[in-house]
Participant: 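Provided herewith is a single structure, encoded as structure tokens, for subsequent inquiry.
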2 protein chains.
Amino acid sequence: MSLTIGELSRQTQVKIPTIRYYEQIGLLAEPIRTEGQQRRYRPEDVRRLNFIRHARELGFEVEAIRQLLGLAGDPDRSCGEVHDITKAHLDEVKDKIARLTALRNELETMVTCDHRRISECRIIEVLADHGQCQHLEH
Amino acid sequence: MSLTIGELSRQTQVKIPTIRYYEQIGLLAEPIRTEGQQRRYRPEDVRRLNFIRHARELGFEVEAIRQLLGLAGDPDRSCGEVHDITKAHLDEVKDKIARLTALRNELETMVTCDHRRISECRIIEVLADHGQCQHLEH
DNA sequence: TCTTGAACCTCTAGCCACTAGAGGATGTAG
DNA sequence: CTACATCCTCTAGTGGCTAGAGGTTCAAGA
């Protein structure tokens with residue numbers, strides 16, 4: 001029993017153009033086609049696409065997913081490499097959080113500005129002055 | 001008295017192609033040119049570009065910066081709109097942090113996997129799992 | 001069997017905010 | 001006057017899709 005691309009899309013919650021895109025970049029194998037060139041998928045493709053979707057939701061890049069898929073197909077191998085890829089990704093996420101938190105703190109200080117005129121606005125001041133210490137003292 | 005694009009770049013830490021890009025999208029005004037068509041900048045341009053750079057460092061999008069620059073040039077206006085733009089951006093940053101934190105938690109659980117075979121690897125299991133993971137959408 | 005129309009096809013271009021490189025012109029110091 | 005650092009424009013690429021044009025195929029109903 002084969003699936004059309006629309007059925008695959010519904011079952012995996014992955015949009016049709018995205019499925020075709022994954023095929024194009026080689027994440028999904030080229031499926032068989034009908035005589036009229038329409039794609040027909042097998043149940044395995046649902047599983048593979050769900051794997052991809054879940055990895056994307058976890059923020060893995062396509063290159064990492066390509067590696068994970070390669071490793072996942074090799075049941076007797078140690079999962080050390082899988083661990084390493086995940087750990088590297090986790091470190092990046094932590095790093096992003098740290099940078100965004102610093103950003104949030106700076107922005108939170110800025111928004112305490114209580115609606116004065118532009119010429120005395122703390123936000124504008126910070127943006128104009130940072131690292132330069134030019135003017136606008138009070 | 002006037003600066004070449006290279007000098008402007010050095011003073012602001014903004015790369016030359018980026019400066020030309022900002023001109024192209026209208027964030028920076030077109031500067032005067034020498035007879036040989038080379039750009040020459042005034043000290044005001046240093047200030048404006050520093051404003052842009054700092055806003056970018058704080059994660060403001062180009063469209064937001066365009067608005068901020070417009071407002072910044074109007075000293076008698078109330079800074080309510082500036083406040084709103086900043087607040088909206090802050091909310092987005094908070095949102096991103098929340099999503100990344102959920103991601104981090106999930107990844108941290110996953111990396112506790114202690115190097116078994118792929119066939120029993122917790123990470124692969126999680127990724128292959130059909131269960132939808134709605135709390136991790138972005 | 002024929003017709004309708006939903007779903008499919010390919011191809012190109014667009015999104016954001018740059019970045020890289022080719023290939024050539026300009027500006028300035030010695 | 002030469003050398004060469006710096007500048008110029010133009011095109012294309014990045015990641016991970018998304019949108020649209022313009023045409024074709026499939027399956028259900030008449």
Side-chain angles (χ1 to χ4, degrees), chain A residues 1-28 30-41 45 49 51-69 88-89 92-93 96 99-100 103, chain B residues 1-28 30-41 45 49 51-69 88-89 92-93 96 99 103 136-138:
Chain A
M1 202 47 219
S2 62
L3 306 161
T4 66
I5 197 168
E7 286 159 346
L8 179 62
S9 168
R10 250 167 273 127
Q11 286 195 31
T12 58
Q13 307 280 54
V14 176
K15 286 177 190 157
I16 291 173
T18 306
I19 295 173
R20 290 198 275 247
Y21 170 70
Y22 287 160
E23 177 184 328
Q24 192 188 307
I25 62 172
L27 269 195
L28 282 178
E30 291 182 25
I32 55 165
R33 304 269 189 150
T34 62
E35 280 186 17
Q37 292 309 106
Q38 298 199 356
R39 292 168 177 83
R40 289 297 179 269
Y41 294 92
D45 296 316
L49 188 49
F51 185 105
I52 296 169
R53 177 184 56 91
H54 199 186
R56 285 295 302 137
E57 282 170 2
L58 284 165
F60 284 97
E61 291 179 4
V62 163
E63 264 319 296
I65 296 174
R66 203 188 296 280
Q67 291 177 46
L68 288 171
L69 281 166
H89 178 46
E92 272 167 35
V93 170
K96 252 183 209 160
R99 275 183 280 111
L100 285 172
L103 227 61
Chain B
M1 203 49 234
S2 62
L3 307 161
T4 65
I5 197 168
E7 286 159 347
L8 178 62
S9 169
R10 250 165 272 128
Q11 286 194 31
T12 57
Q13 307 281 52
V14 175
K15 286 176 190 158
I16 291 172
T18 305
I19 295 172
R20 289 198 275 248
Y21 169 71
Y22 287 159
E23 178 184 328
Q24 192 189 308
I25 62 171
L27 269 195
L28 282 178
E30 291 182 24
I32 55 167
R33 303 268 190 150
T34 62
E35 280 184 17
Q37 292 307 105
Q38 296 198 359
R39 293 169 177 82
R40 288 297 179 268
Y41 293 92
D45 296 316
L49 188 49
F51 185 104
I52 295 169
R53 176 182 57 92
H54 195 207
R56 284 297 299 137
E57 283 169 2
L58 285 165
F60 285 98
E61 290 179 7
V62 163
E63 264 320 295
I65 296 173
R66 204 188 296 279
Q67 291 177 47
L68 288 171
L69 280 166
H89 177 46
E92 272 168 35
V93 169
K96 250 183 211 161
R99 276 183 282 111
L103 227 62
L136 287 177
E137 277 163 23
H138 56 283

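Note that the structure is a prediction, hence the values are computed from the model and not measured.
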Participant: Expressed as a whole number of angstroms, how long is the span from B:R53:CZ to C:dC18:C1'?
Facilitator: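 In whole Å, C:dC18 C1' and B:R53 CZ are 16 Å from each other.
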
Participant: Separation of A:K15 atom NZ from C:dC9 atom P, in whole Å?
Facilitator: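 Taking NZ of A:K15 and P of C:dC9, I get 17 Å after rounding.
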
Participant: Rounding to a whole Å, what distance do you find between A:Y41:OH and C:dA7:C1'?
Facilitator: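 Rounded to whole Å, this separation is 14 Å.
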
Participant: If you assign each of B:Q38 and B:F60 to its closest nucleotide in DNA chain C, which residue comes earlier from the 5' end?
Facilitator: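 Closer to the 5' end of DNA chain C: B:F60.
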
Participant: Counting N and O atoms only, with roles assigned by atom type, does the side chain of B:Q67 sit under 3.5 Å from a partner on the main chain of B:A64, one being a donor and the other an acceptor?
Facilitator: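 No; zero donor-acceptor contacts below 3.5 Å.
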
Participant: Taking atom CD of A:E23 as the centre, does the number of heavy atoms from other residues, nucleotides or ligands within less than 6.0 Å exceed 12?
Facilitator: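 Atom CD in A:E23 is crowded, with more than 12 foreign heavy atoms closer than 6.0 Å.
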
Participant: Does B:R33 have a side-chain nitrogen or oxygen under 4.0 Å from the phosphate oxygens OP1 or OP2 of C:dG27?
Facilitator: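 No, no such contact exists.
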
Participant: Between C:dC15 atom P and B:Y21 atom OH, what is the distance in whole Å?
Facilitator: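 So the OH-P distance, B:Y21 to C:dC15, works out to 10 Å.
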
Participant: Separation of B:E61 atom CD from C:dC15 atom P, in whole Å?
Facilitator: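 Going from B:E61 (CD) to C:dC15 (P), I get 14 Å.
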
Participant: Enter the distance from B:I32:CD1 to B:R39:CZ here, rounded to the nearest 0.5 Å.
Facilitator: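 Atom-to-atom, B:I32:CD1 and B:R39:CZ are 12.5 Å apart.
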
Participant: Would you mind reading off the distance between A:R40 atom CZ and C:dC8 atom P, rounded to a whole angstrom?
Facilitator: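 Taking atom P of C:dC8 as the reference, CZ of A:R40 is at 8 Å.
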
Participant: State plainly whether the residues B:R53 and B:E57 are in salt-bridge range, i.e. N to O under 4.0 Å.
Facilitator: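 Answer for the salt bridge query: yes.
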
Participant: Report the distance from atom CD of B:E63 to atom P of C:dC18, rounded to the nearest whole Å.
Facilitator: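 Taking CD of B:E63 and P of C:dC18, I get 13 Å after rounding.
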
Participant: Please classify the nucleic acid contact of A:I25 as base, sugar-phosphate, or nothing, using heavy-atom distances under 4.0 Å.
Facilitator: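 Since no nucleic acid heavy atom lies under 4.0 Å of A:I25, the category is nothing.
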
Participant: With rounding to the nearest 0.5 Å, note down the distance linking CD in A:E92 to NZ in A:K96.
Facilitator: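 Atom-to-atom, A:E92:CD and A:K96:NZ are 7.0 Å apart.
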
Participant: Are the side chains of B:I19 and B:Y41 in contact, using a 4.5 Å heavy-atom criterion?
Facilitator: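 A side-chain contact exists here, since the closest heavy-atom pair is under 4.5 Å.
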
Participant: Could you tell me the boundaries of the chain A footprint on DNA chain D, defined by atoms under 4.0 Å from its heavy atoms?
Facilitator: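 So the outermost contacting nucleotides come out as D:dG16 to D:dC26.
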
Participant: I'd like to know if the side chain of B:R66 and the backbone of B:I25 have a donor-acceptor N/O pair within less than 3.5 Å.
Facilitator: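 Yes; at least one donor-acceptor contact below 3.5 Å.
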
Participant: Tell me: CD1 of A:I16 to C1' of C:dC9, nearest whole Å?
Facilitator: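 Distance, rounded to whole Å: 11 Å.
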
Participant: Considering just the side-chain nitrogens and oxygens of B:Y22, establish if one lies under 4.0 Å of OP1 or OP2 belonging to C:dC18.
Facilitator: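 Yes, such a contact exists.
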
Participant: NA contact type, A:R20, heavy-atom cut-off 4.0 Å: base, sugar-phosphate, or nothing?
Facilitator: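 Touches a base.
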
Participant: Assuming nearest nucleotide by heavy-atom distance, tell me which of A:R39 and B:V62 is located more 5' along DNA chain C.
Facilitator: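 With A:R39 and B:V62 compared, the 5'-side residue is A:R39.
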
Participant: Mapping B:Q37 and A:G36 onto DNA chain D by nearest heavy atom, which one lands closer to the 5' end?
Facilitator: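 First, find each residue's nearest nucleotide; the 5'-ward one identifies B:Q37.
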
Participant: Should A:T4 be listed as having a side-chain N or O under 4.0 Å from OP1 or OP2 of C:dC8?
Facilitator: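 Answer yes for this pair, as a side-chain N or O of A:T4 is under 4.0 Å from OP1 or OP2.
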
